[in-house]
Amino acid sequence: MENFYTAYTKVVQNTTFYFVKKYITFPEFKDVPGILDSYGMHPNFERACEIAAIKEKEIRKNLFADLQNCDENSARIIHMNITKGLSAAQ
């Protein structure tokens, strides 16, 4: 079992948010995608890492450095359909 991490930014209502994610992967199994273990979103990078339970300072440092060096358009965006919940009256 190994961990890998991703980080990207996105502007939401004129505020830049940091998105960080921690995945678990099992290299011994071929063609099995990583499993999302934890994630965090916050305007403060360090707080986003805390929410995502990323405690290792070296990993945080590397993620932040990657953010500084990446192209804004390189983030992978997954579109999700928003479903409205049913009200009690229905």
Side-chain angles (χ1 to χ4, degrees):
M1 179 180 86
E2 295 177 0
N3 293 324
F4 71 93
Y5 307 86
T6 63
Y8 60 92
T9 60
K10 183 174 182 180
V11 177
V12 179
Q13 296 181 352
N14 298 323
T15 301
T16 300
F17 281 85
Y18 293 94
F19 292 79
V20 293
K21 297 179 182 181
K22 177 181 177 183
Y23 293 88
I24 298 172
T25 186
F26 299 91
E28 60 271 18
F29 299 112
K30 301 295 181 207
D31 300 323
V32 176
I35 300 168
L36 181 63
D37 182 45
S38 60
Y39 64 92
M41 176 192 90
H42 200 273
N44 178 285
F45 177 77
E46 292 296 325
R47 183 67 182 121
C49 288
E50 288 175 21
I51 294 167
I54 300 172
K55 299 176 180 151
E56 300 85 354
K57 291 183 182 189
E58 190 67 26
I59 292 170
R60 288 184 183 196
K61 178 181 156 190
N62 291 339
L63 283 172
F64 192 74
D66 288 346
L67 283 173
Q68 303 305 313
N69 296 328
C70 78
D71 178 9
E72 185 176 303
N73 296 320
S74 66
R76 180 175 163 209
I77 299 174
I78 301 170
H79 296 281
M80 300 178 68
N81 294 327
I82 305 297
T83 306
K84 293 184 179 180
L86 298 175
S87 68
Q90 293 180 338

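Numbers here simply count residues along the sequence, with the first being 1. In this text the structure is predicted, and so the values were computed from the model without any measurement.
- Connection of Ile24 to Phe29 is established within a shared hydrophobic cluster, with ILVMFWY side chains joined at heavy-atom distances below 4.5 Å, either directly or through further cluster members.
- Side-chain heavy atoms closer than 4.5 Å link hydrophobic residues (I, L, V, M, F, W, Y) into clusters, and following such links, even through other members, never connects Val11 to Tyr18.
- At least one side-chain heavy atom of Tyr23 sits under 4.5 Å from a side-chain heavy atom of Thr6.
- Residues Ala48 and Val20 approach most closely at O-CG2, 3.3 Å, considering heavy atoms.
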- Message: What verdict does the side-chain contact (heavy atoms from CB on, under 4.5 Å) test give for Glu28 and Glu2, after you've listed the backbone C-alpha separation in whole Å, the side-chain angles of each residue and the deciding distance to 0.1 Å?
- Response: CA-CA 10 Å; Glu28 60 271 18; Glu2 295 177 0; over 6 Å; no
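- Two residues are said to be in side-chain contact when any heavy atoms from C-beta on lie closer than 4.5 Å; Thr25 and Asn3 fail this criterion.
- Taken to the nearest 0.5 Å, the SG atom of Cys49 stands 10.0 Å off from the CD atom of Glu56.
- Using a 4.5 Å cut-off on side-chain heavy atoms (C-beta onward), Phe17 and Lys10 make no contact.
- Using a 30° and 60° split on the angle between ring planes, Tyr8 and Phe19 fall in the parallel class, below 30°.
- By the 4.5 Å heavy-atom criterion applied to side chains, Gln68 and Phe64 are counted as neighbours.
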Would you tabulate the side-chain donor-acceptor contacts of residues 35-45 under 3.5 Å, counting partners in other chains and residues two or more places apart, or write 'none'?
| from | atom 1 | to | atom 2 | distance (Å) |
| --- | --- | --- | --- | --- |
| Ser38 | OG | Ala52 | O | 2.4 |
| His42 | ND1 | Asn44 | N | 3.0 |
| Asn44 | OD1 | Glu46 | N | 2.9 |
| Asn44 | OD1 | Arg47 | N | 2.9 |

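- Side chains of Ile59 and Tyr5 form a contact here, defined as non-hydrogen atoms less than 4.5 Å apart.
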